[in-house]
Each structure stands twice: as C-alpha cells, then as structure tokens.
Trainee: 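Mind looking over this structure? Questions follow.
Side chains included, hydrogens not; waters and symmetry mates left out as well; all remaining heavy atoms used. We count ligands from 1, going down the list as the structure has it; atoms in each ligand are counted the same way. Count residues from 1 along the sequence.
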Amino acid sequence: MRTVLVTGSNRGLGLEFVRQLLARGDRVIAACRQPETAAALQSLRQAGPDRLGILPLELADPDAIAAFARDLASRTGALDLLVNNAGMTVRGERFGTVTAEAMTAALRTNAVGPFLLAQALAPLLAKGSSPVVVNISSQLGSIARTDSFYTPSYATSKAALNMAGVLLAHGFAPSGVKVVMLHPGWVRTDMGGAGAPLEAPEAVAGMLQVISGLKPEDSGRFMDYQGHSMPW
Ligand SMILES: NC(=O)c1ccc[n+]([C@@H]2O[C@H](COP(=O)([O-])OP(=O)(O)OC[C@H]3O[C@@H](n4cnc5c(N)ncnc54)[C@H](OP(=O)(O)O)[C@@H]3O)[C@@H](O)[C@H]2O)c1
C-alpha cells in the first residue's frame with residue numbers, strides 16, 4: 001500500500017486526489033486547514049482509519065509545517081508521494097494597485113510553503129518506494145506563456161514554485177526522490193470558476209497517470225495533466 005500526502009484536501013482538486021487515491025487502494029494522509037469543518041473529506045473516512053488520516057496544516061506558517069512534519073514522522077515511517085496541491089489566488093488585481101500583502105501571501109502559500117514542506121519531509125520521502133514530490137503549478141506560472149498583466153501575485157508565486165521545484169529535484173536527486181511540476185489544466189473548482197472546461201475527476205486522473213509513468217529523467221520537469229511539456 002502506497003502512502004500519499006495531499007495538501008489542500010478539503011475541496012477542489014485536493015479532495016478529488018483523495019477520492020481517487022483511496023479508490024486505487026492507497027493510504028492517504030489528507031492535510032487541510034480545518035479538518036473539523038471539512039465535511040466532504042470527513043465523509044471519505046468510511047474507507048477506514050488505516051486508509052485515511054486527516055491532519056491540520058496551514059501552509060503559510062513555517063512553524064506549522066515543521067510541527068506537521070514531526071507529527072507525520074510519528075505516524076508513518078515512509079512517504080511515497082507528496083502532492084503539494086494547496087494554493088490560493090488573489091482576485092481583481094490591476095496594474096498600479098498590487099500590494100506587498102497580496103504578493104507575500106501568494107508566495108508564502110504557493111511557493112515557500114510547498115518548498116518547506118518537501119524539505120521537512122525529506123527523511124520520510126527518502127524511505128519511500130519510488131518516491132515523488134508533485135508541485136501543482138499552473139500555466140499562469142509559465143514566463144514564456146505570459147502575454148498580459150494577469151493575476152500577478154499568483155503568477156509570480158507559481159513561477160517561484162517552478163524554480164523551487166527544480167531546485168528540490170537537484171536536492172533530492174541523491175536520495176532518488178523525483179520532483180515534478182504539473183499544470184492541472186483549467187479546472188472547474190472554486191479557483192478555476194464555473195467557466196472552466198475541465199472537471200476535477202478528469203484532471204486528477206490525468207495527473208495520476210502522469211505520476212505513475214514518471215522516469216528518473218523526468219525529475220525537474222514542468223508538464224500538464226496529459227504529460228505534455230510546459231514551457232518555463
Ligand atoms: N482550478 C484550476 O483551474 C487550476 C489551474 C491551475 C492550477 N491550479 C492549482 O491547483 C491547486 C488546487 O486548486 P483548486 O482549483 O482545487 O483550488 P481551490 O478549489 O480554491 O482549493 C484550494 C485548496 O487550497 C487550500 N489552501 C489555500 N490556502 C492554503 C493555506 N495557506 N494553507 C493550507 N491550505 C490552503 C484551500 O483550503 P481552504 O478551504 O482552507 O481555503 C483548498 O483546500 C492549486 O495549487 C491551484 O493553484 C488550479
């Protein structure tokens with residue numbers, strides 16, 4: 001049984017990752033900010049306490065990340081897959097009015113948090129079977145594809161996440177942990193909005209297929225949910 005950690009697991013893509021990982025037989029540790037109010041996630045507990053553990057994690061807080069890593073190490077001896085899925089965006093940003101608070105908040109949650117979490121879980125990942133760190137990135141973090149002034153805090157944070165992931169790929173190389181950045185597609189979630197063309201089950205199924213097929217030389221790559229290379 002593979003042990004998988006998913007962040008931001010109470011809704012959207014994170015919740016769908018938990019559903020599909022449980023369905024395929026994995027042991028899932030689902031991290032979210034407020035487990036007590038995560039009704040949809042709690043309803044998946046019927047899979048059994050040995051199959052689904054729900055733990056609190058606030059990614060914008062480095063102390064919480066360190067405490068979470070210590071707690072996890074007391075519950076499991078190894079981690080096979082970390083899905084750094086949690087993310088936030090800032091709505092309505094316009095050129096001339098972008099604030100330090102907005103940019104900093106996006107960087108903390110979308111780039112610093114995932115980096116620190118992967119780093120803190122390095123000992124558990126090193127003991128995993130074909131271990132992988134997946135950073136859920138975005139096409140909006142692609143510098144090469146940027147052709148307008150759109151969601152600057154989010155876009156900057158996802159570009160930073162991409163760099164963090166490439167650095168992690170190098171850092172993890174000696175211990176055999178692969179690190180990839182995946183763009184999930186434009187998906188109908190709270191973040192993606194009602195006009196998005198893709199449903200979460202299709203996006204997550206695609207990403208899980210990409211993850212299953214990863215080779216050592218894929219570490220450090222930026223791909224979409226169908227395995228196509230994304231431009232940096
Ligand atoms: N949907 C798309 O079209 C799309 C496209 C490209 C990339 N992505 C990426 O895919 C990932 C999942 O997005 P989604 O569409 O599922 O978004 P979503 O429905 O808005 O869900 C975001 C999740 O992240 C959690 N989160 C936000 N800030 C957090 C923090 N500081 N600490 C811990 N958890 C936090 C949220 O928890 P709360 O419920 O507590 O707020 C929620 O569980 C994100 O990284 C996003 O950037 C999405």
Trainee: Please evaluate residues V210 and Y225 with respect to the criterion side chain to side chain contact (heavy atoms under 4.5 Å, CB included), reporting the C-alpha separation (whole Å), side-chain torsions for both, the decisive distance (0.1 Å), and the verdict.
Mentor: CA-CA 7 Å; V210 172; Y225 72 104; 5.9 Å; no
Trainee: With heavy-atom distances below 4.5 Å as the criterion, would you say the side chains of I65 and L57 are in contact?
Mentor: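 Yes. Closest side-chain heavy atoms under 4.5 Å.
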Trainee: Contact between M191 and T89 at the side-chain level, heavy atoms closer than 4.5 Å - yes or no?
Mentor: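 Yes, close enough: below the 4.5 Å cut-off.
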Trainee: So if I only count non-hydrogen atoms and take anything under 4.0 Å from ligand 1, which residues does that give, chain by chain?
Mentor: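 Within 4.0 Å of ligand 1, protein side: G8, N10, R11, G12, L13, R33, L57, E58, L59, A60, N85, A86, G87, T109, I136, S137, S138, Y154, K158, H183, P184, G185, W186, V187, T189, D190, M191, G192.
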Trainee: Is it the case that over 12 heavy atoms from other parts of the model lie below 6.0 angstrom from the OH atom of Y150?
Mentor: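 For Y150, atom OH is not crowded (no more than 12 foreign heavy atoms under 6.0 Å).
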Trainee: Under a 3.5 Å cutoff, is there a donor and acceptor pairing between the side chains of T189 and R11?
Mentor: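 Judged by distance alone, the side chains do not pair up.
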Trainee: Holding to side-chain contact (heavy atoms from CB on, under 4.5 Å), I want the full list of residues that pass it with Q139, two or more places apart in sequence or in another chain.
Mentor: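 Applying side-chain contact (heavy atoms from CB on, under 4.5 Å) to Q139 gives R145, H183, M230.
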